[in-house]
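Handing you this structure, nothing more for now.
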Amino acid sequence: MATSQESLEGGSIVWIDCKSIAKSIEEDVRKRVDLLSFTPKLVSVVGTDDPSTASYLRSQKKKAEKLGIDFEIIKTSPGDFLSTLEKLAEDKNVNGVFVARPLPEGLDEKRVFSAVPVEKDVEGVNPENLGFLLYGEETFPPCTAEAVVKVLESVTEISGKKVTIVGRSVTVGKPLAIMLLKKGRDATVTVCHSRTQNLGEITRASDIVVVAVGKAHFLKRDMVKEGAIVIDVGINYVDGKWCGDVDSAVEEIAQVTPVPGGVGQITTALLFEHVVRAAERQKA
Ligand SMILES: Nc1nc2c(c(=O)[nH]1)N[C@@H](CN(C=O)c1ccc(C(=O)N[C@@H](CCC(=O)O)C(=O)O)cc1)CN2
């Protein structure tokens, strides 16, 4: 599923059409919400004034209204963070809990994300949900990693492909590697990071490159082979606008996911698919 337009040099830029993927997920969510006898509820807990977090929460609010899902933001102090999560865990009217990053100073991610009950962990960051991935159990996979898998499944046969993931975060790089290794997907995966030697050599030898480093325009044209598929997971706020981790020149030789309008909107659509899935499982 790709769209294309003329590049400056007369070649054709092939962007991967993420909008249709996000749209179809949202249509499915809307239908499933309407089948429930109650309105599902997502609560997002935030502990900082980080601007990109605020932007993401605004996107969540808009999407929740569009999908008919109740949405609440709870701003809490570091001292009350865990007790807030404990209350939400017990609240039968809350189906999904999202914990915004970055966490306030001094809070341990493992401790905080473990306080989100597995059955309400709609972002898939509870260590138990992450551990299930090792067994091929993807009840609540991390949304961004799942979004990348959906994009790849829409544009190519993953089996046997050489995939390089640049970035080894707990919520994207590492779980995505496990998900692509799963039987039935069968990719050959390399995970690179800030200490990797000869990164360009590795990425140039790859059929698929996934970039999730949080550095604007990080992946350059000379780091990608002609005809590769490049998934840009980055979402960086630079000079008042969003841009990705992939330099625009890469579009001249590879199929690329755009930013904005790429993986990010599929990620959010999947967050809400997890909310309605959590609600369906909790009502049963
Ligand atoms: N627990 C989490 N906390 C935060 C996340 C996250 O994914 N999980 N994201 C960061 C900020 N961020 C990415 O680093 C981010 C900022 C803004 C958006 C956003 O507006 N997304 C739009 C779509 C954008 C696009 O089309 O690409 C949307 O969702 O509609 C997403 C992520 C903050 N904390």
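Atoms within a ligand are numbered from 1 in the order they appear, just like the ligands themselves.
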Exercise. Does E123 approach ligand 1 within less than 4.0 angstrom via side chain, backbone, both or neither, non-hydrogen atoms only?
Worked result: side chain

Exercise. Any idea which protein heavy atom is nearest atom 5 (C) of ligand 1, and the distance to it?
Worked result: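 Nearest neighbour among protein heavy atoms for atom 5 (C) of ligand 1, to 0.1 Å: Y56 CD2, 3.6 Å.
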
Problem set entry | Heavy atom of the protein closest to atom 10 (C) of ligand 1 (residue, atom name, distance) | S52 OG, 4.2 Å

For this session: Examine F98 together with Y56 and report whether their ring centres are nearer than 6.0 Å.
Result: yes

For this session: Measure the distance from atom 25 (C) of ligand 1 to every protein heavy atom, then report the residue, atom name and distance (to 0.1 Å) of the closest one.
Result: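 Ranking protein heavy atoms by distance from atom 25 (C) of ligand 1, first comes G261 N, 3.3 Å.
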
For this session: Would you please determine whether Y237 falls within less than 4.0 Å of ligand 1 on a heavy-atom basis?
Result: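 Distance cut 4.0 Å: Y237 fails for ligand 1.
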
For this session: Considering the heavy atoms of S55, write down every atom of ligand 1 situated less than 4.0 Å from one of them.
Result: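 That gives atoms 17 (C), 20 (O) of ligand 1.
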
Problem set entry | Euclidean distance, T139 OG1 relative to D121 CG, rounded to 0.5 Å |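 If we round to the nearest 0.5 Å, D121:CG and T139:OG1 are 10.5 Å apart.
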
Exercise. With atoms numbered from 1 as shown, which atoms in ligand 1 lie under 4.0 angstrom from a non-hydrogen atom of W242?
Worked result: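 That gives atoms 16 (C), 17 (C) of ligand 1.
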
For this session: Identify the protein heavy atom lying closest to atom 12 (N) of ligand 1, giving its residue, its atom name and the separation to 0.1 Å.
Result: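 Answer, as residue, atom name and distance: I235 CG2, 3.7 Å.
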
Exercise. Can you list the ligand 1 atoms lying under 4.0 Å from a non-hydrogen atom of V99?
Worked result: 1 (N), 2 (C)

Seminar exercise, completed: One finds that the ligand 1 atoms under 4.0 Å from a non-hydrogen atom of A100 are 1 (N), 3 (N)

For this session: Could you walk me through whether V210 and V166 pass the side chain to side chain contact (heavy atoms under 4.5 Å, CB included) test, one step at a time?
Result: CA-CA 6 Å; V210 181; V166 187; over 6 Å; no

For this session: Apply the side chain to side chain contact (heavy atoms under 4.5 Å, CB included) test between L219 and each candidate in D232, V256, V230; give the one that qualifies.
Result: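 Among D232, V256, V230, the one that satisfies the side chain to side chain contact (heavy atoms under 4.5 Å, CB included) with L219 is V230.
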
Problem set entry | K225 atom NZ, neighbour heavy-atom count above 12 within 6.0 Å | yes

For this session: Tell me which part of V259 gets within contact of ligand 1: side chain, backbone, both or neither, using heavy atoms under 4.0 Å.
Result: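 Under 4.0 Å from ligand 1, V259 contributes no heavy atoms.
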
Exercise. Looking at atom 2 (C) of ligand 1, what's its closest protein heavy atom, distance included?
Worked result: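 Protein heavy atom at minimum distance: F98 CZ, 3.3 Å.
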
Exercise. How about K110: does its NZ atom have over 12 heavy atoms from other parts shown lying under 6.0 Å from it?
Worked result: no

Problem set entry | Closest approach of T39 to N95 (non-hydrogen atoms, all atoms of both residues) | O-OD1, 4.3 Å

Exercise. At their closest point, which heavy atom of A278 faces which heavy atom of V122, and how far apart are they?
Worked result: CB-CG1, 4.2 Å

Problem set entry | Residues forming a side chain to side chain donor-acceptor pair (under 3.5 Å) with R185, sequence neighbours excluded | E138, E153

Exercise. Tell me: protein heavy atom nearest atom 29 (O) of ligand 1, and distance?
Worked result: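 Checking every protein heavy atom, the shortest distance to atom 29 (O) of ligand 1 gives T268 OG1, 2.4 Å.
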
Exercise. Which ILVMFWY residues can you reach from V45 by hopping between side chains whose heavy atoms are under 4.5 Å apart?
Worked result: V43, I74, F81, L82, L85, L88, V94, V97, V99, L103, L107, V112, F113, V116, V125

For this session: For atom 34 (N) of ligand 1, grab the closest protein heavy atom and report residue, atom and distance to one decimal in Å.
Result: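 Atom 34 (N) of ligand 1 sits closest to the protein heavy atom R101 O, 2.8 Å.
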
Problem set entry | Top protein contact for atom 22 (C) of ligand 1, by heavy-atom distance | S59 OG, 3.7 Å

